[in-house]
Amino acid sequence: MAPLSGSPFPGPSSDEGAAPARPPGNLPAEPSRFIGRDRELAALTAQLGHSRLVTVTGVGGVGKTRLAIRAAQAVQDRFCDGVWLAGLSALTDPALLDHAVAAALGLTDHTDRPPRACLLEQLADRRLLLVLDGVEHLALEAAPLAHALLRTVPGLSVLVAARRPLGVAGERVFPLSPMGGADAVALLTDRATAVRPGFPAGAGELVAAAELCRRLDGIPLALELAAGRLDTLTADQVLDRLDDRFRLLTGDSRGALPRHRTLRTAIGWSHELCTPAERLLWARLTVFAGLFDLEAAEYVCSGPELPAEELLDVLASLVAQSVVVREDGPLGPRYRLLDTVRAYGVDWLRALGDDERMLRRHRDWYMGLATWCELDWFGPRQGEVAARVEAELPNLRTALEHSLGDGDEAHLGQCLAGTLWFCWVGCGRLAEGRYWLERALRAPAGYPETRAKALWVLGHVAVLQGDQARAVGALGECRELAERTGDERAAAYAEHRLGCLALVSDDMPRAEEVLRAALARYTEIGELNSNVLMGRVELAMAVAFQGDLPGAVALCEEVREVCEDHGERWTLAYALYVLGFVAFSGGDRGRARALLEECLAIDHAFHDLVGAVLALELLALVALEEGASRVDDADGKNVAEKVVEEATAEAAVEAAVLQGAAGRLWRSVGLPLFGSRFFNAPHVLCERGARERLGAERYEECLREGARLDLDAAVARALRGAHGGRAAAVPGPRRHPAPETHQPASSPAAGAGEEAG
């Protein structure tokens, strides 16, 4: 399951004469103008040319993150596979560190291998810069991760922004001091001008501004906070008030370094200048991890002292004072607290004795969000749901962590982990989903309904990961629990996933029997959603592999009609795969390509590696046979033999390259083609034909070429086969004529039977 956009390692463009493509990456746009730091920036970029691990250290608020990102932008052309930022300050569970870094890199792995092993394998031949930001609280875990990455991936460099070094061999430490006088005044002036055009008003205010910068030790965050006050105060007034706060607040920081005291004093000064409502909101907003939206803030943070209808004005005031940062993106305006500001607010929330209540409200909001997303997954907003859960993952992790850490409410964590099945399965987070599900199921078994759901979701994940033993154990326990408690829904889901297990285990008669029984259960209880439709598609696969192609078509056309009625796209992709399989088996290569291209584009958009790699495997065979069709078309025509040979060789090359790309992707999915002779049949036919046309040596060369492509590049290449360009990420519904279902001897269905013998 590759990311929706911006995958880490796209292959080279095939357009001759085009401008060089900008290296990939996920560096954010800078929220404001970068001021000063020319000398430090030059020194840091130079150091990145000499050392593979550089750590920028300094007091909180000194500008480590901004400098690291600016330096990463400056050197990105040195790294053909891009520059990638992993922001880790909101991550509280060290066990998720590897998952978070993999997610930041856009890497996905469906297997049950340790995530670090997958990271090392997928990055092994890449040249990139990884920026780790805010890892001081995870230093014990981040150090061995950085060491393993640098030792195993020779083309990798790591840039760290943290308050202390990692302590890894070969690390070069880059201490970042506060800003010098001229840079500090320039920063204060730039930020003040944004809230008060015309600042400074005369030479006197400029002198006061310079003194303000000196008193704040040139710490950028402190300067930003001070600038936020210059909309209503002069620099002299700010300076007078700051003097009062210095005298008042420095006694709270005994033993701290002077600049730590200065920063805390500046934040405390800003806090004291806030109204009671602003202080209260500041404290309550600290329960959010990373970004949050207005609706979440209104639900979690409002109350009698802070009515929901007034919260927007209070939030806007905190934004104006640089306490809260606003970021605009595809999901609309979202907000966050800088780490140091958040840490100050956490202390106040604890002092108020309101932290547990706020965390419960936070959990309740994200439980509701997950429930809404689960319902909306079966509908036209599926793409929006995928984007939303991606953006909300840090907060969902916080909600899971809080629930599972509370013995009295651990069942809510079970419920949340199970409700997020569409995130784990549909959006490419199987490994992380398994972590949370296993952890949730270790909680006391006092709530059978939530436990049963977590069990069948875990069984589903384990099936897709190829862990048959864990799948059988979880689904068996779920079925027994469901029968004991009369939970018909859980019983249906357990039976469905056992049928899916039989399907990938090549027991097609058993798969058909169990899937039909599960679908009958769904009908009895009135269940209709993406899971139910997927059960029908899996049944279609079972009957197709047994030779009943018309039956498979009837099932999938019915699924497609329901999907189009409801706007469902994820399950539709699998129905299109089966229809493409049948169309190819019937000799209609053009229709097979159209169906499989639509399937591949949808799977790619939803990060679904399983569906995408299956489509790639079958498209490789389509590409090979398209070459054969060109030979057939040339018979009886005045076409040079050399031209025909070149066309067939070109098709065989394309097929082998796609097979090589699929082979690489299978390592992130699990056992190639599930170890199934039925799913493997198209691969065997394609390999046999490509080897015959290219010879063994050239075929292996093409496999290696394909293995260098990541999913984005492989998808682009596969979709380029027919129309020379890239399909839309999530194409709209398309109607296709009903296929013919005769079965030539060279069809994959025939190959499946041949291999089965």
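FYI, the numbering just counts along the sequence from 1.
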Q. Does a donor on one side chain sit under 3.5 Å from an acceptor on the other, for Ser505 and Gln468?
A. yes
**Q.** Reported CG-to-OG distance for the pair Leu549 and Ser585, which is rounded to 0.5 angstrom
**A.** 5.5 Å
Q: Side-chain contact test, heavy atoms from C-beta onward, threshold under 4.5 Å: evaluate it for Val610 versus Tyr574 and give yes or no.
A: yes
(Q) Suppose we call two aromatic rings close when their centres sit under 6.0 Å apart. Are Trp666 and Phe674 close by that rule? (A) yes
Q: Could you check if a side-chain atom of Tyr577 sits within less than 4.5 angstrom of a side-chain atom of Met541, using non-hydrogen atoms only?
A: yes
Q) Looking at Asp376 and Arg388, does any basic side-chain N land under 4.0 Å from a carboxylate oxygen? A) no
(Q) Tell me every residue that passes side chain to side chain contact (heavy atoms under 4.5 Å, CB included) with Glu687, counting only those two or more places apart in sequence or in another chain. (A) Gln659, His683, Arg691, Tyr699
Q. Yes or no on side chain to side chain contact (heavy atoms under 4.5 Å, CB included) for Leu132 and Val101, after CA distance, side-chain angles and deciding distance?
A. CA-CA 8 Å; Leu132 299 177; Val101 172; 4.2 Å; yes
Q.
Just so I know, are the side chains of Glu495 and Trp456 near enough to count as touching, which here means a heavy-atom distance under 4.5 Å?
A. no
**Q.** Check: Phe545 ring centre within less than 6.0 Å of Phe581 ring centre
**A.** yes
Q. Which is it for His460 and Trp424 under the side chain to side chain contact (heavy atoms under 4.5 Å, CB included) test, yes or no, and what are the steps along the way?
A. CA-CA 10 Å; His460 189 186; Trp424 316 137; over 6 Å; no
Q: Enumerate the residue pairs fulfilling ring pair (Phe, Tyr, Trp, His ring centres under 6.0 Å) with a member in residues 468-491, sequence neighbours excluded, ordered by first and then second residue.
A: none
(Q) When you compare the side chains of Glu449 and Thr485, does any donor N or O come within less than 3.5 Å of an acceptor on the partner? (A) no
With a cut-off of 3.5 Å and sequence neighbours excluded, list every side-chain donor-acceptor pair involving residues 470-478.
{"from": "Arg470", "atom 1": "NE", "to": "Glu438", "atom 2": "OE2", "distance (Å)": "3.1"}
{"from": "Arg470", "atom 1": "NH2", "to": "Glu438", "atom 2": "OE1", "distance (Å)": "3.0"}
{"from": "Glu477", "atom 1": "OE2", "to": "Arg451", "atom 2": "NE", "distance (Å)": "3.3"}
{"from": "Glu477", "atom 1": "OE2", "to": "Arg451", "atom 2": "NH2", "distance (Å)": "3.2"}

Q: Would you confirm whether the ring centroid of Phe606 sits within less than 6.0 angstrom of the ring centroid of Trp377?
A: yes
